[in-house]
There are 2 protein chains.
Amino acid sequence: MVTLAEVAQHAGVSASTVSYVLSGKRSISATTRQRVEQSIRELGYHPNAGARALASSRSNIIALMIPLRTDMYVPVMMEIAVAVATTARTHGYDILLLTGEEGPDAVRRVTGSGLADAMILMDVELDDERLPLLRRSGQPSVLIGLPADTSGLTCVDLDWGATGALCLEHLAGLGHRDIAVIGEAPAVYERHTGFAERTLGGLRTRARELGLRVLHRPCEGGYDAMAVTLARIFDERPGTTGFVVQNESAVEPLLALLRQQGRAVPEDVSVLAICPDQVAVQASVRLTSVAVPAQEMGRHAVEQLVAKLDGRGTDDVVLIAPELTVRASTGPAPTP
Amino acid sequence: MVTLAEVAQHAGVSASTVSYVLSGKRSISATTRQRVEQSIRELGYHPNAGARALASSRSNIIALMIPLRTDMYVPVMMEIAVAVATTARTHGYDILLLTGEEGPDAVRRVTGSGLADAMILMDVELDDERLPLLRRSGQPSVLIGLPADTSGLTCVDLDWGATGALCLEHLAGLGHRDIAVIGEAPAVYERHTGFAERTLGGLRTRARELGLRVLHRPCEGGYDAMAVTLARIFDERPGTTGFVVQNESAVEPLLALLRQQGRAVPEDVSVLAICPDQVAVQASVRLTSVAVPAQEMGRHAVEQLVAKLDGRGTDDVVLIAPELTVRASTGPAPTP
DNA sequence: ATACTGCGTCGAAGCGCTTCGACGCACCGT
DNA sequence: ACGGTGCGTCGAAGCGCTTCGACGCAGTAT
């Protein structure tokens, strides 16, 4: 294991000089710098992370708390995580992976031990139990998702309310009057996860304004659950011609069931999904969709955090405007 | 920020005593221990990770390298990652998330800096460029996946060869003679990812032994790609009655297409998937499947690693035996 | 010439913890 | 009574780095 001192000796300078070459915090003559850099390369030196963290009280690590539940849209989580990790690297940070399992304790542990310089929280509930701790600790952090009370917090999220509204506008514009909303699994609503409730709020408000009828049904993913849900929907509202689907794992089952019942998409019913573009184009019908900008959210969260850590702080809520892409799954409502 | 010294003072003992209470490396009288623990609680003390790492040259962090590609089965990756993270926590380790992006450099960086005590590599290619480095560095590590040369390495994986064989035995037992294999995306084979090639090897070998005809076709996920692939298969082998699907994102499209063509599952054709159980039970037909034991692999990898770090080392290849669960998507071959 | 300014470099003091050797003390056997 | 043996505790020496003040030496202004 090569140390700073060895590099210094090899280059014929003091340890502090090597340190300053590395950090650039004081000016170093070009010749010295080159000599030091040469030594670093020759010896294959890598600064020791622990020592660095101790001396500078900066670990260059960002903690990312992802939910360990599997009842929510996994690919989105994964995409966010990967975007976070790669963006963090471009700023010199590594990612520490925390699962939701530990809950608030993880926040305590990480803030207390100086393991990470900052945190990103995913799967935020409206009244999340981690938030009081977070506010109190003064740990720089960004939430992906929006709690009920955002005071003193930085958040990044898709504007789910606007997303809901946008979905309804599109369907209303096509003449649909009776809309069914296939939501996330019931557990997601029971936890009061922000995005699910906000989407619903947006849908309902705009429905009222536009004079549409909306029937919302939570739904576990999968074929069987979807079959039951769909039967109930047509039972209660036989005139339903528009679907908004928020639960990705219900999309393909829904399409299969509609097909099986002889209802053509988009001639008889329109289906509008809220999902990443990749899913929308891979489905058995190319889906009109509002994209969940997973990558953008992850990238944004890291950049906010890095800004904070650099003192260019911004305690702010950033809502990403939804974008709807028309594909082949929505069309004019059938004339009765 | 509370330090060890403050705890020591508060409890009226020396710093080393507190340290020994924490680590249990020397015996401490019950009364002193209690006093110290009390002080720790009252002051809300958390050991500083950097200082600890520096003094002990142990970071209690395990690095996990996940692929950042999205052409492979994402839920499996996610499940492994979560299993790794939670298992690691039960042993007192945290997980550092590295994306494949950095490649071999990440190995260098982590080993060099002492950031992590050990590494877990996923998405291992048969001739993976990270392996020479890993062997040379002497960094404790476990691979999830099997390279061509496993000497000096510890690996955990599903026995993909046996998995392929098992699939064919099941279909052969039901009387199927012409089998089509829907594989992963072409890029996966081009990279020589171990699991894909080994599965194929197992399939082909057993096919020869059992006198079956096997047609293997790589396939990008999604409906359109599957449609093309399926058309070609029936074109080339009209008598195909059995399908083995390894690419999860091709499963649902395949089922939809078969349905659409009027081929009933399992009456006309049988479909056997290699996928996690959850996917198998959520599909539009409950799928007979060989499970990908993602959780088990993740758990196992961590446990191997912890054993190594504790000096109970075992340089070994652990192959998990495949298990086939019969559900509703396979049945006797139709009599012509 | 003198005083001043800045640049480039060095030395030393920590950062908070682990760990090793040493020490004091009670308790044992003889 | 005595040396021996553990057990429980302490002090001190680092671990490898960052960072602050200081210092020497130009170059510039007076």
Side-chain angles (χ1 to χ4, degrees), chain A residues 1-37 39-40 43-61 92 94 109-117 309, chain B residues 1-37 39-40 43-61 92 94 109-117 309:
Chain A
M1 161 136 258
V2 190
T3 70
L4 222 211
E6 290 170 332
V7 174
Q9 194 180 355
H10 185 272
V13 297
S14 76
S16 45
T17 301
V18 177
S19 179
Y20 287 124
V21 167
L22 251 28
S23 69
K25 292 192 179 173
R26 285 202 184 171
S27 55
I28 297 285
S29 69
T31 60
T32 318
R33 184 189 356 273
Q34 279 161 20
R35 211 140 34 86
V36 170
E37 281 165 353
S39 297
I40 288 178
L43 301 179
Y45 169 71
H46 283 269
N48 179 80
R52 202 166 238 197
L54 177 56
S56 66
S57 24
R58 282 299 216 97
S59 64
N60 286 309
I61 288 180
D94 273 297
R109 199 163 58 82
V110 169
T111 29
S113 67
L115 229 187
D117 297 333
L309 290 171
Chain B
M1 160 134 261
V2 190
T3 70
L4 223 210
E6 290 170 334
V7 173
Q9 195 180 355
H10 186 272
V13 297
S14 76
S16 44
T17 301
V18 177
S19 178
Y20 287 123
V21 167
L22 250 29
S23 69
K25 292 192 180 174
R26 284 202 184 172
S27 54
I28 297 285
S29 70
T31 58
T32 320
R33 191 199 337 283
Q34 278 162 22
R35 212 140 34 88
V36 170
E37 282 166 353
S39 298
I40 288 178
L43 301 180
Y45 168 70
H46 282 270
N48 179 81
R52 203 166 235 200
L54 177 56
S56 65
S57 25
R58 284 295 218 105
S59 64
N60 287 309
I61 289 180
D94 273 297
R109 198 164 57 83
V110 168
T111 30
S113 67
L115 230 187
D117 297 333
L309 290 171

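Convention: sequence-line order gives letters A, B, ...; per-chain numbering from 1.
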J.: Would you say B/S23 reaches C/dT18's phosphate, i.e. side-chain N/O to OP1/OP2 under 4.0 Å?
T.: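 Negative; the distance criterion is not met.
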J.: Output yes when at least one side-chain N/O atom of A/S14 is less than 4.0 Å from OP1 or OP2 of C/dC10, else no.
T.: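 So the side-chain polar atoms of A/S14 do come within 4.0 Å of the phosphate oxygens OP1 or OP2 of C/dC10, strictly under.
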J.: Among the nucleotides C/dG16, C/dT18, D/dG16, which one has an atom lying closest to any side-chain atom of A/T3?
T.: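 Looking only at heavy atoms from C-beta outward on A/T3, the closest nucleotide is D/dG16.
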J.: Rounding to an integer number of Å, can you tell me how far B/R52 CZ sits from C/dC15 P?
T.: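 Atom-to-atom, B/R52 to C/dC15, this comes out as 19 Å.
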J.: Side-chain N or O of A/T17 less than 4.0 angstrom from OP1 or OP2 on C/dC10?
T.: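 Checking A/T17 against C/dC10: at least one side-chain N or O falls below 4.0 Å of OP1 or OP2.
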J.: Ignoring hydrogens and angles, answer whether the base of C/dG21 and the side-chain atoms of B/R26 contain a donor-acceptor pair closer than 3.5 Å.
T.: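 Present.
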J.: So does A/S27 get a side-chain nitrogen or oxygen closer than 4.0 Å to the phosphate oxygens (OP1/OP2) of C/dG8?
T.: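 Answer is yes, contact under 4.0 Å.
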J.: Please state how far atom OH in B/Y45 lies from atom P in C/dG16, giving the value in whole angstrom units.
T.: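 Answer to the nearest Å: 10 Å.
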J.: Respond yes when some side-chain nitrogen or oxygen of A/S16 is under 4.0 Å from OP1 or OP2 of C/dA12, and no when none is.
T.: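 Result: no.
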J.: Checking all strands, does B/I28 fall into the base, sugar-phosphate, or nothing category for heavy-atom contacts under 4.0 angstrom?
T.: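 Sugar-phosphate contact only.
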J.: Please pick, from C/dC17, D/dC17, D/dT19, the nucleotide with the shortest atom-to-atom distance to any side-chain atom of A/S56.
T.: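 Selected nucleotide: D/dT19.
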J.: Side chains of A/T32 and A/Y20: does their closest heavy-atom pair fall under 4.5 Å?
T.: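 A/T32 does not reach A/Y20 side chain to side chain.
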J.: So does A/K25 get a side-chain nitrogen or oxygen closer than 4.0 Å to the phosphate oxygens (OP1/OP2) of D/dT18?
T.: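 Answer is no, no contact under 4.0 Å.
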J.: For the pair made of CG in A/L54 and P in C/dA13, what is the distance, rounded to whole Å?
T.: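 It works out to 17 Å between those atoms.
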J.: Sort out for me which residue in A/V21, A/V18, A/V13 forms a side chain to side chain contact (heavy atoms under 4.5 Å, CB included) with A/I28.
T.: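 It is A/V21, the one option of A/V21, A/V18, A/V13 that forms the side chain to side chain contact (heavy atoms under 4.5 Å, CB included) with A/I28.
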J.: Looking at every heavy atom in both B/L54 and A/G50, which two are closest together, and how far apart are they?
T.: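 Here B/L54 and A/G50 meet closest at CB-C, 4.3 Å.
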J.: Starting the side chain at C-beta, find the nucleotide from C/dT9, C/dC10, D/dT18 nearest to A/L4.
T.: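 The nucleotide sitting nearest to the side chain is D/dT18.
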J.: Would you say the side-chain atoms of A/S113 pair up with the backbone N or O of B/H46, donor to acceptor, closer than 3.5 Å?
T.: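 No, A/S113 side chain to B/H46 backbone: no donor-acceptor pair under 3.5 Å.
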J.: Expressed as a whole number of angstroms, how long is the span from B/N60:CG to C/dT18:P?
T.: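 Spelled out: CG on B/N60 to P on C/dT18 is 10 Å.
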J.: Considering every strand and a 4.0 Å limit on heavy-atom distances, what is the contact class for B/S19: base, sugar-phosphate, or nothing?
T.: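 Base, at least one base atom sits under 4.0 Å.
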J.: With respect to the phosphate group of D/dC7, does any side-chain polar atom (N or O) of B/Y20 fall under 4.0 Å of OP1 or OP2?
T.: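 It does not, given that no N or O in the side chain of B/Y20 lies less than 4.0 Å from OP1 or OP2 of D/dC7.
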J.: Does a side-chain heavy-atom distance below 4.5 Å link B/N48 with B/T3?
T.: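 They are not in contact (no side-chain heavy atoms under 4.5 Å apart), so the answer is no.
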